[in-house]
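Heads up: the structure comes next, in structure tokens.
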Amino acid sequence: MTGIGYTLPAVVSVVVVVAAELAWLRTGLFRHRAYWITMAIVLAFQVPVDGWLTKLSAPVVVYDPTHFLGLRFPFDIPVEDFLFGFSLITATLLAWTAPERREHAS
């Protein structure tokens with residue numbers, strides 16, 4: 001059962017968000033340089049904070065090893081955290097931009 005509890009939902013969240021953009025919302029978010037700059041800024045803060053929270057030497061957050069893959073990079077950060085981070089930020093930005101796109105289409 002390794003990976004089912006945290007990994008599977010993390011991967012599914014990415015697939016759902018990307019599919020929603022490409023098949024339904026069609027905001028063009030992934031084509032905008034500002035989106036990728038935003039993601040870089042998020043990562044610049046996520047890596048040190050998440051690294052501190054999940055460091056193996058003195059973790060603040062402890063993951064059940066039966067529920068994630070165990071791949072950690074960098075600074076002992078579970079890779080699933082990056083997947084959820086991508087999904088959460090992207091879904092939020094899509095929620096902000098989708099109504100704007102509909103207004104311009106009307």
Side-chain angles (χ1 to χ4, degrees):
M1 185 161 117
T2 299
I4 298 298
Y6 193 50
T7 306
L8 182 62
V11 170
V12 168
S13 73
V14 171
V15 171
V16 167
V17 168
V18 170
E21 164 58 6
L22 298 178
W24 177 46
L25 298 171
R26 297 184 186 144
T27 65
L29 185 68
F30 297 139
R31 291 190 305 265
H32 295 283
R33 185 167 34 130
Y35 167 75
W36 296 106
I37 291 169
T38 300
M39 294 307 285
I41 292 168
V42 167
L43 281 174
F45 286 95
Q46 181 182 359
V47 168
V49 171
D50 207 355
W52 176 75
L53 289 171
T54 61
K55 64 183 178 243
L56 293 175
S57 61
V60 174
V61 178
V62 179
Y63 294 91
D64 182 341
T66 63
H67 292 287
F68 78 110
L69 291 177
L71 298 173
R72 294 175 173 262
F73 177 82
F75 306 120
D76 300 328
I77 302 170
V79 295
E80 291 88 349
D81 284 5
F82 294 106
L83 298 175
F84 272 126
F86 170 86
S87 296
L88 290 170
I89 298 301
T90 302
T92 300
L93 293 172
L94 287 171
W96 283 343
T97 57
E100 179 182 298
R101 181 184 172 274
R102 285 188 201 114
E103 285 177 11
H104 289 108
S106 299

Should [X] and [Y] be regarded as members of a common hydrophobic cluster, given that ILVMFWY residues are connected when their side-chain heavy atoms come within less than 4.5 Å of each other, either directly or indirectly?
| X | Y | value |
| --- | --- | --- |
| Val11 | Val17 | yes |
| Trp24 | Leu22 | yes |
| Phe84 | Phe68 | yes |
| Val42 | Phe73 | no |
| Leu43 | Ile37 | no |

Inset, instruction - Ignoring hydrogens and angles, state whether a donor on the side chain of Thr54 or Tyr63 is under 3.5 Å from an acceptor on the partner side chain. - result: no

Inset, instruction - For the residue pair Thr27 and Glu21, confirm or rule out a side-chain donor-acceptor distance under 3.5 Å. - result: yes

Has [X] got a side-chain atom pairing as donor or acceptor with [Y]'s backbone, closer than 3.5 angstrom?
| X | Y | answer |
| --- | --- | --- |
| Ser13 | Ala10 | yes |
| Gln46 | Gly85 | no |
| Trp36 | Phe30 | yes |

When rounded to the nearest 0.5 angstrom, what distance separates [atom1] in [X] from [atom2] in [Y]?
| X | Y | atom1 | atom2 | result |
| --- | --- | --- | --- | --- |
| Leu53 | Asp76 | CG | CG | 12.0 Å |
| Phe75 | Trp52 | CZ | CH2 | 15.0 Å |
| His67 | Ile4 | NE2 | CD1 | 10.0 Å |
| Leu8 | Leu83 | CG | CG | 11.5 Å |
| Leu94 | Leu25 | CG | CG | 5.5 Å |
| Thr97 | Leu29 | OG1 | CG | 5.0 Å |

Heavy-atom closest contact ([X] atom, [Y] atom, distance):
| X | Y | value |
| --- | --- | --- |
| Val47 | Pro74 | CG1-CG, 3.9 Å |
| Pro59 | Leu56 | CD-O, 3.6 Å |
| Ala44 | Pro48 | O-CD, 3.1 Å |
| Thr90 | Phe86 | OG1-O, 2.7 Å |

Legend entry - Contact check, side chains of Arg72 and Val79, non-hydrogen atoms, under 4.5 Å: no

Legend entry - Close side-chain approach of Glu80 and Thr7, heavy atoms under 4.5 Å: yes

